[in-house]
**Q** 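Input: one structure, supplied below.
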Amino acid sequence: MIIFFDAVLYHTNIQWFVTMDYNTMSDEEKLAVLTESYNAWNYTEDDSIERPLEDVIDELRDEVETTESAIPNTAVQWNGSSYQLFDNVVDTYEEAAAYCESLGGHFAIIGSNEENDYLYDYDTSLGYENVYFGYTDKDYEGEWLCIDGLNTAYTNWHSGEPNSENALEDYAMFYYKFSDGIWNDGDFGDGGIVNDSKAFICEWD
């Protein structure tokens, strides 16, 4: 599907569009939203370009600076931050990180025993035992870093962990075998961890 629009993109008052679940919309619905919401296309033959609709949406999402985070109403609060557990919305750890960012947050980063205990209790209160957060050695095996690429002074590994029992165990997680919130390294539901899931926690500072 092709649409035409003015070469100068107008980004006024489109923050609401960035957080819409446009992946569930048809091309016709997406075009209707764009057409209704952006009266500034101002198409002319000379200064217009022809581009696929998906490219337009991707560019809008990339270029808009979102000033309001899309924190879910069900998020919990602790020490000035908000947290929300998600499950069955993505297939990979990288997609989970991107999902948090798309909502104006980031993969949860645990920085203290108190925060660790709070999030573990939160997860288990929802019936989850295997839950991932923002700590990984996916880029360099054995070099565990927060999702933002920084090191952390706080870790809470179980004795013998992380053990890289399989080559894909690159992500820190709460684990059903460790009922005290101690960490395990998992593979984000890739099949190598017993009773594993793709549940993860987003955080908003």
Side-chain angles (χ1 to χ4, degrees), residues 11-23 60-140 143-158 161-162 170-176 178-186 188-189 196-205:
H11 300 311
T12 303
N13 297 323
I14 62 174
Q15 293 172 353
W16 64 273
F17 181 72
V18 178
T19 59
M20 288 185 65
D21 188 10
Y22 69 91
N23 291 318
L60 288 171
R61 288 174 59 85
D62 289 342
E63 292 188 10
V64 172
E65 291 289 332
T66 304
T67 58
E68 281 189 42
S69 298
I71 302 176
N73 293 332
T74 52
V76 295
Q77 285 75 42
W78 180 84
N79 199 30
S81 293
S82 300
Y83 305 88
Q84 176 70 48
L85 186 150
F86 295 96
D87 191 18
N88 294 320
V89 295
V90 298
D91 292 322
T92 69
Y93 188 88
E94 291 75 16
E95 289 174 356
Y99 188 85
C100 292
E101 292 176 3
S102 75
L103 297 176
H106 58 80
F107 233 136
I109 297 174
I110 301 175
S112 68
N113 276 323
E114 293 77 14
E115 185 175 19
N116 188 86
D117 292 347
Y118 179 84
L119 291 179
Y120 179 71
D121 290 344
Y122 165 60
D123 297 341
T124 55
S125 73
L126 297 176
Y128 287 86
E129 296 179 304
N130 291 349
V131 180
Y132 289 86
F133 45 90
Y135 199 48
T136 176
D137 73 340
K138 67 184 179 65
D139 292 330
Y140 302 99
E143 184 180 348
W144 287 84
L145 299 172
C146 297
I147 193 68
D148 58 7
L150 301 178
N151 209 334
T152 176
Y154 177 79
T155 60
N156 196 29
W157 295 111
H158 188 272
E161 303 292 348
D170 293 329
Y171 315 108
M173 65 183 298
F174 295 122
Y175 191 40
Y176 82 102
F178 309 147
S179 60
D180 51 3
I182 303 297
W183 301 354
N184 179 58
D185 56 334
F188 202 78
D196 202 3
S197 73
K198 297 181 184 294
F200 62 96
I201 310 170
C202 293
E203 176 180 358
W204 294 262
D205 299 322

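Values in this document were obtained by computation on a predicted structure and should not be read as measured data.
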**Q** Which pair of heavy atoms, one from Cys146 and one from Ile109, lies closest together, and at what distance?
**A**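 Reported closest heavy-atom pair: SG-CG2, 3.6 Å.
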
**Q** Quick one: do Tyr93 and Asp170 satisfy side chain to side chain contact (heavy atoms under 4.5 Å, CB included)? Show the steps, please.
**A** CA-CA 10 Å; Tyr93 188 88; Asp170 293 329; over 6 Å; no

**Q** Given the side-chain rings of Tyr122 and Trp78, with only the six-membered ring counted for Trp, is the space between their centroids under 6.0 Å?
**A**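 No - the distance between ring centres of Tyr122 and Trp78 does not fall below the 6.0 Å cut-off.
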
**Q** Of all residues at least two apart in sequence or in a different chain, which pass the side-chain contact (heavy atoms from CB on, under 4.5 Å) check with Asp180?
**A**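 For Asp180, the residues satisfying side-chain contact (heavy atoms from CB on, under 4.5 Å) (neighbours in sequence not counted) are Phe178, Ile182.
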
**Q** If you measure from CG on Asn156 to CD on Glu115, what distance do you get to the nearest 0.5 Å?
**A**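 One gets 11.5 Å once the value is rounded to the nearest 0.5 Å.
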
**Q** Look up atom OG1 in Thr136 and atom CG in Leu145, then write down how far apart they are to the nearest 0.5 Å.
**A**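 Thr136 OG1 to Leu145 CG: 8.0 Å, rounded to 0.5 Å.
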
**Q** Can you check whether Phe188's main-chain N or O pairs, donor with acceptor, with Lys198's side chain at less than 3.5 Å?
**A**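 Yes; at least one donor-acceptor contact below 3.5 Å.
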
**Q** For the CG atom of Asp87 and the CG atom of Leu126, what is their distance to the nearest 0.5 Å?
**A**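 Nearest 0.5 Å value for the CG-CG distance: 10.5 Å.
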
**Q** Which value, rounded to the nearest 0.5 Å, describes the distance between Ser197 atom OG and Leu85 atom CG?
**A**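 It is 8.0 Å, given to the nearest 0.5 Å.
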
**Q** Tell me the closest heavy-atom pair linking Ala70 and Trp204, and the distance in Å.
**A**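 It is O-CZ2, 4.1 Å.
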
**Q** So, the side chain of Glu203 versus the backbone of Ser81: is there a donor-acceptor pair under 3.5 Å, distance only?
**A**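 Judged by distance alone, no pair lies under 3.5 Å.
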
**Q** List the steps, then state whether side chain to side chain contact (heavy atoms under 4.5 Å, CB included) holds for Asn130 with Met173.
**A** CA-CA 7 Å; Asn130 291 349; Met173 65 183 298; 3.6 Å; yes

**Q** Please lay out, stage by stage, how Asn184 and His158 fare under the test side chain to side chain contact (heavy atoms under 4.5 Å, CB included).
**A** CA-CA 6 Å; Asn184 179 58; His158 188 272; over 6 Å; no

**Q** Answer yes or no: is there a donor N or O on one side and an acceptor on the other, between the side chain of Thr152 and the main chain of Tyr154, under 3.5 Å?
**A**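 Checked: pair present.
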
**Q** What distance do Ile201 atom CD1 and Ile110 atom CD1 have between them, rounded to the nearest 0.5 Å?
**A**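 It is 6.0 Å, given to the nearest 0.5 Å.
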
**Q** Can you check whether Phe133 and Phe174 have ring centres sitting under 6.0 Å from each other?
**A**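 Aromatic pair counts; centres sit under 6.0 Å.
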
**Q** Once you round to the nearest 0.5 Å, how far does SG of Cys202 lie from OH of Tyr99?
**A**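 If we round to the nearest 0.5 Å, Cys202:SG and Tyr99:OH are 7.5 Å apart.
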
**Q** With the side chain counted from C-beta on, respond yes when Ser112 and Tyr118 share a heavy-atom pair under 4.5 Å apart, and no when they do not.
**A**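 Not in contact.
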
**Q** Pick one: which of Tyr175, Trp144, Tyr135, Tyr120 meets side-chain contact (heavy atoms from CB on, under 4.5 Å) with Trp183?
**A**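 Testing each of Tyr175, Trp144, Tyr135, Tyr120 against Trp183, the sole residue satisfying side-chain contact (heavy atoms from CB on, under 4.5 Å) is Tyr135.
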
**Q** Measure across His106 and Cys100 and return the closest heavy-atom pair with its distance rounded to 0.1 Å.
**A**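 Scanning both residues, the minimum pair turns out to be C-CB, 3.5 Å.
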
**Q** Report yes if the distance between the aromatic ring centroids of Phe107 and Tyr132 is under 6.0 Å, otherwise no.
**A**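 Centroid distance Phe107-Tyr132: not below 6.0 Å, so no.
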
